[in-house]
Each structure stands twice: as C-alpha cells, then as structure tokens.
Amino acid sequence: SVSSSSSLSSKKLKPNDQMSTNFDNGRGIDTKVLRHITTLLTSEGNMYNIIKVLSEIIMQHAGAHKGIMFLNHDSQLFIIARWENQKILLHHIPDTDPPRPEEGIGSMLLAKDCAQEFSFEMVKKVVVRQKPLDLSECESLHDHYPDNCKPKNILCLPMINSNKTMGVLYLENNLINLAFPQKKRTLLNHLASQISLSIHRAKLNIKLEQSLQEMKEMNKDLIRLNKTKDDFLANTSHELRTPLNAVSGFCDLLLDTDL
C-alpha cells in the first residue's frame, strides 16, 4: 500500500464527522459531502495525493471489492491506481516526473500487460462510447474474464473532460449482483468527473511549470547574449580607438609643421 504525508490524505471522511458520509439518506447523494470532497481535492496540488484520496473514498463507499483507475494517454490505457483487499497501489502517471523511491509508487503500467486481471473489453468499450457500462449489459462482449472469474457485478465509468475520455473507473463486486444501484452511481459519476478534472488541471500545471522553466532558460540565454554583445562592443571600441589616436596624432603633427 502507498503511504502519504499529505494533509489531504489524513482528512478521511468518517461517519461521525460534521459532514456525514450517509450518501443514501433518502434524498439521494448528500451534496454537502460532495462539496466537502471537492474542497479537499481543489486544495491539493499533488496528482498522486489526489488519486490516493479519491481511491480511498471510492474504496470505502462504492461497495467494490476491486477497483482500477485507467488513464487514456496517447491512445493507450495506463493503470494509474488499483485497490483490492483494502490496499491501494499507485502507478507512475505518463507525462509526469518519475516519482521518488520513498513515495512507494509503482512503475508505469500498460493496461494490456495485465488484461487478464479485469474485463478489458468493458473498459475499451466505455472509452469509445463515453457512457457507464454494467456487467448485465455485456452479454455480447467477447470477453472471457467474467466467465473465468465470475464476478457478481462490474461497473465501468468514463472519466470525461471537455468531451474527451480521460480514463475509466473500473469497479468489481464479487458478492452482490446489484452492488451498484443508481444512487451510488451518482456519487461514483461525480468522483469520476473529479478525477478527470484533477488530472486535467495537474497536467496543465505541469505544462505551465515547463513553460516557465523554458522562459527562465531563455532569459538566462538573453542575459548571456547581452553580456557578449557588451564585451564585443567594448573590445571593438578599444581596437578602433588605438589606430585612430595614432592617426589623430599624425594629423596634429602635420598641422603644426611648416612645409
């Protein structure tokens, strides 16, 4: 499992908190809880901490025994988080700096390299159609995973931002056929949206930092070029001044001499 010193990770929602985690209270999803989650996420700038907190919330409240978070990057699916048996493992996110060893984050992982561990066909279909997909809707899929592993229910939710599928949230329950009722899906859809927004924002921050660093390097180059120009002008002025002084001296001598 991955440990984190982030203050955000330590702010887990508990049933006795002022904002209750009773998501199904007869009125649907508790909007106060959703606002609380949004506030926590927007106050955190580290993408791995954001994903870890979201994974913890989903693991606690989704009713899933297994969960996987996929990122759609350059037309390939990468696993960026997965959890099972109350353990969360994060993986290196494409287009980000390699994590430090002490962060306990796994190496970059392509989904196709471990496709036998989940219903890959469901995940790929959700990427294309950009709509949630339940196992009960997948009779036509040519996927051996449900037959081999026999999960009771699987739910795949697209993580969409600006009409683009940023990734997929995959949830699996091994005990109950109706593990993901509509009210629970409302919460999960909200969390999937938060994940896509957080990843999009983090990528923009990375690009901004890279652009800022490039501008700093360009500024250093301009300073070096300006100094080179000043040195060149100073040397050229000196080199020109020396023969001109001699010429001026000879002219003065000629003017003072009677021919």
Any side-chain heavy-atom pair of [X] and [Y] under 4.5 Å:
X: N72; Y: V168; result: no
X: V126; Y: F70; result: no
X: I68; Y: V123; result: no
X: Y145; Y: I154; result: yes
X: F78; Y: H91; result: no
X: P94; Y: D74; result: no
X: F120; Y: H144; result: no
X: N174; Y: E172; result: yes

Q.
L157 vs F180, test: side-chain contact (heavy atoms from CB on, under 4.5 Å). Steps then yes/no.
A. CA-CA 11 Å; L157 298 162; F180 309 111; over 6 Å; no
How many angstroms lie between [atom1] in [X] and [atom2] in [Y], if you round to the nearest 0.5 Å?
X: M218; Y: M215; atom1: CE; atom2: CE; answer: 7.5 Å
X: I93; Y: I105; atom1: CD1; atom2: CD1; answer: 7.5 Å
X: M69; Y: I80; atom1: CE; atom2: CD1; answer: 6.0 Å
X: Q116; Y: C149; atom1: CD; atom2: SG; answer: 9.0 Å

Side-chain heavy atoms under 4.5 angstrom apart, residues restricted to Ile, Leu, Val, Met, Phe, Trp, Tyr: same cluster for [X] and [Y]?
X: M108; Y: L110; result: yes
X: I160; Y: L169; result: no
X: I57; Y: M159; result: yes

Ignoring hydrogens, what is the shortest heavy-atom contact between [X] and [Y]? Give both atom names and the distance.
X: D134; Y: M122; answer: C-CE, 3.9 Å
X: L135; Y: P151; answer: CD2-O, 3.7 Å
X: N161; Y: M166; answer: CB-CG, 3.7 Å
X: R82; Y: E117; answer: NH1-OE1, 3.6 Å
X: I51; Y: A81; answer: CG2-CB, 3.6 Å
X: L171; Y: G67; answer: CD2-CA, 4.3 Å

Q: State whether a side-chain donor-acceptor pair under 3.5 Å links K229 with N226.
A: yes
Q: Please check if the side chain of K112 supplies one atom and the backbone of Q76 the other of a donor-acceptor pair under 3.5 Å.
A: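 Pair absent, no side-chain N/O of K112 close to backbone of Q76.
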Q) Taking the side chain from K150 and the backbone from D147, do they hold a donor-acceptor pair closer than 3.5 Å? A)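 Pair found, side chain donor or acceptor close to backbone of D147.
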Q.
Quick test of your reading of the model: are E56 and K52 salt-bridged, counting only N-O distances below 4.0 Å?
A.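 Looking at K52 together with E56, the answer is yes, because their closest N to O distance falls below 4.0 Å.
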